[in-house]
K.L.:
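This structure is in structure tokens; I'll ask about it shortly.
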There are 2 protein chains.
Amino acid sequence: MAATLHDVSRLAGVSIKTVSNVINDYPYVRDSTRQRVLAAIAELDYTPNLSARSLRSGRTNVISLLIPELRNAYFAELADSVMRAARERGLSVLIEQFGNDRASELSVLRNRSGRMVDGILYSVLGLDESDRDTIAEVSTPMVLLGERIFNGPKDHVTMQNVEGSRAATELVLAGGRRRVLAIGAHPGEVIGSAGLRLAGYREALAAAGVAFDERFVVPAGTWHRADGARAMRAFLETGLAFDAVVAFNDTLALGALRVLQEAGYRVPEDVALIGFDDIDETHYSMPTLSTIDPGRDEIARRAVELLVRRIDEDADTREPEEIAVPFRVIQRESTPPVLTGVPADRGAAAVGAAGLGAEAVGPALVGPEA
Amino acid sequence: MAATLHDVSRLAGVSIKTVSNVINDYPYVRDSTRQRVLAAIAELDYTPNLSARSLRSGRTNVISLLIPELRNAYFAELADSVMRAARERGLSVLIEQFGNDRASELSVLRNRSGRMVDGILYSVLGLDESDRDTIAEVSTPMVLLGERIFNGPKDHVTMQNVEGSRAATELVLAGGRRRVLAIGAHPGEVIGSAGLRLAGYREALAAAGVAFDERFVVPAGTWHRADGARAMRAFLETGLAFDAVVAFNDTLALGALRVLQEAGYRVPEDVALIGFDDIDETHYSMPTLSTIDPGRDEIARRAVELLVRRIDEDADTREPEEIAVPFRVIQRESTPPVLTGVPADRGAAAVGAAGLGAEAVGPALVGPEA
DNA sequence: GTGAAAGCGCTAACAC
DNA sequence: GTGTTAGCGCTTTCAC
């Protein structure tokens with residue numbers, strides 16, 4: 001059986017309060033006493049029982065992260081970023097996956113999210129305005145990640161879906177392409193990632209005076225490589241001419257890339273291709289993939305920050321906050337080099353402004369980083 | 001403030017024991033009483049305080065998973081598999097990353113691993129026989145994953161590193177290649193993944209009568225795409241002729257692939273390439289990547305199973321178990337089609353035996369799956 | 001500086 | 001079938 005405070009206090013010949021004082025770095029303990037206690041702790045290999053501590057303190061120092069699925073590279077990298085940010089604040093992270101299914105998303109949110117954690121980071125996927133109440137009812141402190149969906153119920157750190165997607169589309173338009181495919185749409189969706197990114201795509205087309213054509217929008221329910229490949233194949237079968245592909249995330253783009261190459265298209269010469277997320281793999285595909293860096297690390301950092309504030313507050317006094325994290329356009333080999341007329345690299349305010357961010361100005365055709 | 005058993009019992013006009021009985025599905029509760037209690041629970045939106053429950057019961061129903069890093073696709077997929085297996089048994093998973101640094105691996109193992117969890121799954125990376133005691137001393141039930149390193153201190157679910165790597169090397173040898181590069185070695189290492197996979201590579205060469213040549217073994221400290229690219233570039237600079245690459249994991253292979261293609265090599269015509277892990281990306285690279293499927297899902301399932309057994313047992317009565325999970329050779333486009341003389345698809349016993357697994361017999365040049 | 005004691009919310013042994 | 005109660009290991013108030 002594990003040692004308790006009592007065991008330690010008995011061995012050290014002090015009361016449990018003194019042991020507790022030593023453990024919690026209470027300064028007013030005589031040094032000789034402290035040494036005796038520390039020796040006893042070492043001897044018994046004592047570790048505090050965290051269940052007892054959290055029962056008493058009301059804190060677990062664990063937060064949960066609710067995401068669709070870890071095997072999606074974007075979420076794995078997000079989880080990694082969240083865990084680093086959490087660790088810096090002494091928090092552990094309990095990850096819950098809910099898959100791509102609305103019912104299971106609701107069920108995880110309702111039944112598992114608040115279990116023995118101080119707070120929740122929730123990367124919304126399938127819920128929308130109609131679920132506003134479900135979200136609002138969660139009593140554990142919670143911060144939403146990624147989408148900009150719910151008007152107000154909770155703190156919210158969003159990526160700039162519309163602006164990022166618009167910038168991506170503008171990049172291929174700036175390269176002179178006019179027949180631009182969009183891959184990954186969710187028909188009917190307005191405020192999810194797919195809806196927002198489609199909106200950005202349409203904005204860019206409109207701004208460039210290119211007519212929108214329904215046939216150039218290919219749906220994909222989930223956003224895995226297989227879906228990108230399938231969508232690309234489906235479009236090729238229509239026989240329509242095209243010269244660029246805007247994929248709503250990188251894995252879709254990489255799946256599409258494979259099919260394009262099989263079919264004999266050269267990227268970027270025949271078809272320009274751009275993704276969204278800036279996952280590690282995009283640095284090493286052949287060709288490397290142009291993409292939008294949504295600011296994953298900053299999303300994670302600010303979300304943890306916000307969550308910690310919520311946890312530390314007694315009640316829901318402050319209004320929910322909404323933070324939009326800046327994005328960057330990352331120009332790599334899969335889009336033809338463009339040196340002007342591209343949206344700037346930072347945030348919505350700069351979209352359409354002059355100048356290029358560091359990564360976009362550099363040599364447009366960079367090899368894999370060393 | 002959240003409602004407690006007392007609040008519920010007061011509202012329902014029963015004792016807390018009765019409420020507890022209802023919650024824990026104790027059968028001998030009068031139905032009318034049960035209804036009253038359930039109504040009170042719903043009204044107060046009561047959820048049990050899990051800290052209190054686990055203080056009392058000694059169980060948290062959380063296990064931790066210690067891995068190097070989530071952004072490595074293999075570990076993300078492993079974590080996914082572990083979480084699914086855990087969920088089936090009502091367990092949540094708390095993930096801790098320790099990076100690629102030995103000191104932090106030790107620190108995570110010693111300081112964070114047993115915090116408020118019932119058991120630990122630990123994917124060993126940098127520790128070896130010299131750390132046997134550190135491992136043995138962990139008092140929380142623990143199962144080791146992946147490597148076959150520690151002789152005995154704990155239950156252990158391993159992948160077949162030597163046999164898998166041998167089979168991978170045999171696959172390219174069977175295709176007639178003789179100048180076979182190995183990428184990802186850790187000089188001096190014997191019992192880590194790198195050491196074991198190098199051993200398998202050497203076994204295969206020896207069995208085929210190909211002389212081992214130090215110059216064909218390229219080290220790579222970590223196993224990311226960047227390392228594979230760097231290693232490949234370093235080897236190309238030697239100017240040595242070669243016709244095949246055995247990479248010790250898939251990301252190394254994909255990094256190397258990129259460099260090979262930049263340098264104008266055709267894969268598999270000029271250079272055959274095979275990885276290890278069977279991550280999702282290998283289905284969609286151009287060409288698709290031949291690899292070894294180490295049985296990730298089964299490793300996760302059996303490890304969780306073993307861990308639950310350990311948790312349920314009172315003491316360390318049973319001897320530590322060691323389970324070696326079967327692997328499969330997955331032949332895709334990056335190695336030339338081979339229809340005979342390849343190791344069979346299942347496990348060490350079958351290595352070198354006749355016959356081919358389903359995936360290896362199929363059309364050697366398959367496109368991305370639909 | 002240190003000790004005694006209450007109580008966090010729950011489970012389970014025992015009583016009725 | 002249902003109620004009473006002890007106690008899991010900790011933190012913290014209050015005395016001394």
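To find a chain, count down the sequence lines: A is the first, B the second, and so on, and within it residues start at 1.
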K.L.:
Under a 3.5 Å cutoff, is there a donor and acceptor pairing between the side chains of A:Ser51 and B:Ser54?
P.N.:
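Present: a donor and an acceptor within the cut-off.
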K.L.:
Whole angstroms only, please: what is the CZ-P distance between A:Arg10 and D:dG9?
P.N.:
11 Å
K.L.:
Looking at every strand, decide which applies to A:Thr33 at a 4.0 Å heavy-atom threshold: base, sugar-phosphate, or nothing.
P.N.:
sugar-phosphate
K.L.:
Side chain to side chain donor-acceptor pair (under 3.5 Å): which pairs involve residues 25-40 of chain A, sequence neighbours left out?
P.N.:
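Residue pairs with at least one partner in residues 25-40 of chain A: there are none.
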K.L.:
Tell me whether A:Arg309 is salt-bridged to A:Asp155, with the criterion being a basic N under 4.0 Å from an acidic carboxylate O.
P.N.:
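So A:Arg309 does not pair with A:Asp155 through a salt bridge.
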K.L.:
Scan side-chain atoms only and decide if A:Ser81 and A:Arg296 contain a donor-acceptor pair under the 3.5 Å cut-off.
P.N.:
yes
K.L.:
Between B:Leu55 and B:Tyr28, name the one whose nearest nucleotide on DNA chain D is closer to the 5' end.
P.N.:
B:Tyr28
K.L.:
Can you pull out every side chain to side chain donor-acceptor pair (under 3.5 Å) where at least one residue sits in residues 62-74 of chain B? Sequence neighbours excluded, please.
P.N.:
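Checked against side chain to side chain donor-acceptor pair (under 3.5 Å) - neighbours excluded - the pairs reaching residues 62-74 of chain B are A:Asp80-B:Arg71, B:Glu69-B:His224.
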K.L.:
Do any of residues 34-45 of chain A sit with a heavy atom less than 4.0 Å from DNA chain C, and if so which?
P.N.:
none
K.L.:
Could you work out which one of D:dG3, C:dG3, C:dC10 sits closest to the side chain of A:Ser15?
P.N.:
C:dG3
K.L.:
With each end axis built from five pairs of C1' atoms, what bend angle do you get for the helix from C:dG1-D:dC16 to C:dC16-D:dG1? Round to 10°.
P.N.:
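One end's axis against the other's: 40°.
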K.L.:
Roughly, in whole Å, what's the span from CG in B:Asn49 to C1' in C:dG9?
P.N.:
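That distance rounds to 6 Å.
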K.L.:
Just the atom pairs and distances: protein N or O near nucleotides 12-16 of chain D's N or O, under 3.5 Å.
P.N.:
none

K.L.:
List for me each residue that meets salt bridge (Lys or Arg N to Asp or Glu O under 4.0 Å) alongside A:Glu96, sequence neighbours excluded, and say none if there are none.
P.N.:
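Residues passing salt bridge (Lys or Arg N to Asp or Glu O under 4.0 Å) with A:Glu96: A:Arg112, B:Arg87.
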K.L.:
Roughly how far, to the nearest 0.5 Å, is CG of B:Leu11 from OH of B:Tyr46?
P.N.:
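Here the rounded value is 13.5 Å.
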